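For clarity, every value in this text was computed on a predicted model and none was experimentally measured. Computed over heavy atoms, backbone and side chain alike; hydrogens, waters and symmetry mates excluded.
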Amino acid sequence: TTLLSGAEESYYGLICRLEDNQEFYYFVIRVDGRFTIGRYSNGEFLSLLPGGWILDQAIRTGNTQNQLQADCAGDRLRFFANNELLAEVQEDSLSAGKPGLALAAIGTGELDVHFDNFLVMKP
(Lines give C-alpha, C1' and ligand atoms only; values in the text may rest on other atoms or scores of the structure.)
Protein backbone atom coordinates (compact mmCIF):
# COMPACT_ATOMS: atom_id res chain seq x y z
CA THR A 1 0.00 0.00 0.00
CA THR A 2 1.04 3.59 -0.54
CA LEU A 3 -0.67 6.38 1.38
CA LEU A 4 -1.13 9.43 -0.82
CA SER A 5 -3.25 11.51 1.60
CA GLY A 6 -5.60 11.10 4.53
CA ALA A 7 -6.69 12.26 7.99
CA GLU A 8 -4.87 10.85 11.03
CA GLU A 9 -7.74 8.58 12.16
CA SER A 10 -8.36 7.16 8.68
CA TYR A 11 -7.38 3.54 8.15
CA TYR A 12 -6.73 0.98 5.43
CA GLY A 13 -5.65 -2.62 5.06
CA LEU A 14 -6.79 -6.16 4.40
CA ILE A 15 -9.79 -8.35 5.12
CA CYS A 16 -10.31 -12.10 5.08
CA ARG A 17 -13.20 -14.55 5.38
CA LEU A 18 -15.69 -12.05 3.98
CA GLU A 19 -19.19 -13.52 4.11
CA ASP A 20 -21.88 -11.58 2.19
CA ASN A 21 -20.45 -8.19 3.27
CA GLN A 22 -21.91 -8.91 6.71
CA GLU A 23 -19.01 -10.57 8.54
CA PHE A 24 -15.23 -10.58 8.10
CA TYR A 25 -11.89 -10.18 9.84
CA TYR A 26 -9.99 -6.94 9.28
CA PHE A 27 -6.28 -6.09 9.54
CA VAL A 28 -5.86 -2.33 9.25
CA ILE A 29 -3.35 0.43 9.89
CA ARG A 30 -4.05 4.09 10.58
CA VAL A 31 -2.30 7.06 9.05
CA ASP A 32 -0.75 7.78 12.49
CA GLY A 33 1.08 4.41 12.67
CA ARG A 34 -1.40 2.42 14.77
CA PHE A 35 -2.92 -0.94 13.83
CA THR A 36 -5.62 -3.35 14.94
CA ILE A 37 -7.04 -6.76 14.13
CA GLY A 38 -10.77 -7.22 14.46
CA ARG A 39 -14.01 -8.83 13.39
CA TYR A 40 -16.94 -7.06 11.76
CA SER A 41 -20.21 -8.70 12.76
CA ASN A 42 -23.84 -7.55 12.92
CA GLY A 43 -22.91 -3.99 11.91
CA GLU A 44 -20.28 -3.67 14.64
CA PHE A 45 -16.47 -3.47 14.56
CA LEU A 46 -14.99 -5.60 17.36
CA SER A 47 -11.27 -5.32 18.06
CA LEU A 48 -9.58 -8.63 18.84
CA LEU A 49 -6.62 -6.90 20.51
CA PRO A 50 -6.59 -5.69 24.12
CA GLY A 51 -6.74 -1.91 24.02
CA GLY A 52 -7.84 -1.75 20.37
CA TRP A 53 -5.37 0.36 18.39
CA ILE A 54 -1.65 -0.24 19.01
CA LEU A 55 1.22 2.01 17.90
CA ASP A 56 4.07 0.14 16.21
CA GLN A 57 7.33 1.46 14.72
CA ALA A 58 7.17 -1.13 11.91
CA ILE A 59 4.38 0.95 10.32
CA ARG A 60 5.72 3.81 8.23
CA THR A 61 3.76 7.03 8.70
CA GLY A 62 3.21 9.90 6.31
CA ASN A 63 2.90 9.62 2.57
CA THR A 64 4.87 6.43 2.19
CA GLN A 65 4.63 2.74 1.37
CA ASN A 66 3.80 -0.15 3.72
CA GLN A 67 3.83 -3.82 2.78
CA LEU A 68 0.91 -5.50 4.56
CA GLN A 69 0.29 -9.21 5.04
CA ALA A 70 -2.58 -11.00 6.75
CA ASP A 71 -2.39 -14.72 7.47
CA CYS A 72 -5.75 -16.40 8.10
CA ALA A 73 -4.98 -20.05 8.71
CA GLY A 74 -7.33 -22.11 10.84
CA ASP A 75 -8.05 -20.20 14.02
CA ARG A 76 -4.78 -18.21 13.83
CA LEU A 77 -4.88 -14.66 12.51
CA ARG A 78 -1.52 -12.91 12.03
CA PHE A 79 -0.84 -9.38 10.79
CA PHE A 80 2.50 -8.19 9.37
CA ALA A 81 3.74 -4.77 8.26
CA ASN A 82 6.96 -4.49 6.31
CA ASN A 83 7.84 -8.12 7.10
CA GLU A 84 7.48 -7.64 10.88
CA LEU A 85 4.83 -9.48 12.89
CA LEU A 86 2.54 -6.90 14.51
CA ALA A 87 0.17 -9.27 16.31
CA GLU A 88 -1.29 -12.75 16.37
CA VAL A 89 -4.68 -13.77 17.75
CA GLN A 90 -6.74 -16.94 17.91
CA GLU A 91 -10.34 -16.63 16.72
CA ASP A 92 -12.65 -19.24 15.24
CA SER A 93 -15.94 -17.41 14.64
CA LEU A 94 -15.49 -17.32 10.86
CA SER A 95 -14.13 -20.34 9.01
CA ALA A 96 -14.49 -19.39 5.33
CA GLY A 97 -14.98 -16.44 3.02
CA LYS A 98 -13.34 -14.17 0.48
CA PRO A 99 -10.27 -11.91 0.84
CA GLY A 100 -10.39 -8.20 0.17
CA LEU A 101 -9.18 -4.67 0.79
CA ALA A 102 -10.48 -2.15 3.30
CA LEU A 103 -10.24 1.60 3.72
CA ALA A 104 -12.20 4.26 5.58
CA ALA A 105 -11.85 8.04 5.61
CA ILE A 106 -12.64 9.25 9.13
CA GLY A 107 -13.42 12.87 9.92
CA THR A 108 -13.15 15.59 7.32
CA GLY A 109 -11.19 15.15 4.13
CA GLU A 110 -10.47 12.23 1.90
CA LEU A 111 -8.36 9.11 2.05
CA ASP A 112 -6.25 8.26 -0.98
CA VAL A 113 -4.39 4.94 -0.84
CA HIS A 114 -2.78 3.03 -3.69
CA PHE A 115 -2.99 -0.77 -3.40
CA ASP A 116 -0.54 -2.71 -5.54
CA ASN A 117 0.47 -6.38 -5.89
CA PHE A 118 -2.50 -7.88 -4.04
CA LEU A 119 -1.68 -11.58 -3.78
CA VAL A 120 -3.89 -14.30 -2.30
CA MET A 121 -2.43 -17.69 -1.43
CA LYS A 122 -4.12 -20.75 0.01
CA PRO A 123 -2.54 -21.75 3.35
Side-chain angles (χ1 to χ4, degrees):
T1 62
T2 303
L3 174 66
L4 302 175
S5 66
E8 195 171 278
E9 297 84 21
S10 296
Y11 59 85
Y12 57 96
L14 308 169
I15 58 177
C16 74
R17 299 188 181 156
L18 172 66
E19 297 178 353
D20 302 323
N21 295 332
Q22 300 299 314
E23 293 195 276
F24 55 85
Y25 292 118
Y26 57 88
F27 307 79
V28 293
I29 62 173
R30 283 193 342 197
V31 173
D32 67 0
R34 297 177 191 276
F35 76 93
T36 195
I37 299 173
R39 180 169 50 96
Y40 180 79
S41 181
N42 297 318
E44 194 174 346
F45 291 94
L46 310 164
S47 179
L48 299 175
L49 299 177
W53 293 97
I54 299 171
L55 183 64
D56 196 291
Q57 298 301 316
I59 300 168
R60 298 181 190 124
T61 59
N63 295 3
T64 189
Q65 185 177 42
N66 281 288
Q67 180 184 3
L68 304 180
Q69 177 182 333
D71 291 350
C72 302
D75 67 351
R76 265 185 37 202
L77 306 174
R78 300 186 319 159
F79 189 27
F80 298 82
N82 304 308
N83 297 315
E84 290 191 37
L85 178 64
L86 299 176
E88 179 177 344
V89 298
Q90 286 190 287
E91 166 72 18
D92 62 0
S93 298
L94 306 174
S95 60
K98 299 176 185 176
L101 305 173
L103 66 124
I106 307 297
T108 59
E110 298 177 0
L111 176 61
D112 192 0
V113 178
H114 176 80
F115 289 92
D116 191 13
N117 298 323
F118 182 64
L119 175 65
V120 178
M121 296 172 55
K122 187 173 182 176

Worksheet item: Looking at Ala96 and Glu19, what are the two nearest heavy atoms and their distance?
Response: O-OE2, 2.9 Å

Item to complete: Is it possible for you to say whether Ile54 and Ile59 belong to one hydrophobic cluster, with membership spreading through side-chain heavy-atom contacts below 4.5 Å?
Response: yes

Discussion item. Between Ser10 (side chain only) and Ile106 (backbone N and O only), is there a donor and an acceptor less than 3.5 Å apart?
Written reply: yes

Worksheet item: In Å and rounded to the nearest 0.5 Å, what is the CD to CZ distance from Gln65 to Arg60?
Response: 7.0 Å

Item to complete: Mark yes or no for whether Asp32, through its side chain, and Arg34, through its backbone, hold a donor-acceptor pair below 3.5 Å.
Response: yes

Worksheet, complete the sentence: When every non-hydrogen atom of Ala81 is compared with those of Ala58, the smallest separation belongs to O-CB, 4.0 Å

Discussion item. Would you say Phe24 ends up clustered with Ile37 if hydrophobic residues are merged whenever their side chains have heavy atoms under 4.5 Å apart, either directly or through other cluster members?
Written reply: no

Worksheet item: For the side chain of Tyr25 and the backbone of Leu94, is there at least one donor-acceptor N/O pair under 3.5 Å apart?
Response: yes

Worksheet item: When you measure from the side chain of Arg39 to the backbone N and O of Leu46, does any donor-acceptor pair fall under 3.5 Å?
Response: no

Worksheet item: What are the two closest non-hydrogen atoms of Thr36 and Leu49, and how far apart are they?
Response: CA-CD1, 3.8 Å

Discussion item. Parallel, tilted or perpendicular, judged at 30° and 60°: which one describes the rings of Tyr26 and Phe45?
Written reply: perpendicular

Fill in: Separation of Gln90 CD from Leu77 CG (nearest 0.5 Å)
9.0 Å

Discussion item. Between Asn82 and Gln67 (side chain of the first, backbone of the second, donor and acceptor by atom type, cut-off under 3.5 Å), is there such a pair?
Written reply: yes

Worksheet entry | Nearest-0.5 Å distance that lies between atom CG in Asp92 and atom CG in Asp75 | 6.0 Å

Worksheet item: Do Leu3 and Asn66 come close enough that some side-chain heavy atom pair is under 4.5 Å?
Response: no

Fill in: pair Tyr12-Leu101: side-chain heavy atoms closer than 4.5 Å
no

Item to complete: Flag the pair Leu48 / Phe27 as yes when at least one side-chain heavy-atom distance between them is below 4.5 Å, and no otherwise.
Response: no

Worksheet entry | Ile15 reachable from Val120 in the ILVMFWY side-chain graph, under 4.5 Å edges | no

Item to complete: With rounding to the nearest 0.5 Å, note down the distance linking CZ in Arg78 to SG in Cys72.
Response: 10.5 Å

Practice prompt. Could you tell me whether the side chain of Phe115 reaches within less than 4.5 Å of the side chain of Leu68, counting heavy atoms only?
Written response: no

Fill in: Value rounded to 0.5 Å, distance of CG in Asn117 from CG in Leu119
8.5 Å

Worksheet item: Can Val89 be reached from Ile29 by stepping across I, L, V, M, F, W or Y side chains whose heavy atoms are under 4.5 Å apart?
Response: yes

Fill in: Spacing of Leu111 atom CG and Arg30 atom CZ [to the nearest 0.5 Å]
12.5 Å

Worksheet item: Out of curiosity, does Tyr11 fall in the hydrophobic cluster containing Leu14 (side-chain heavy atoms, cut-off under 4.5 Å, transitive links)?
Response: no

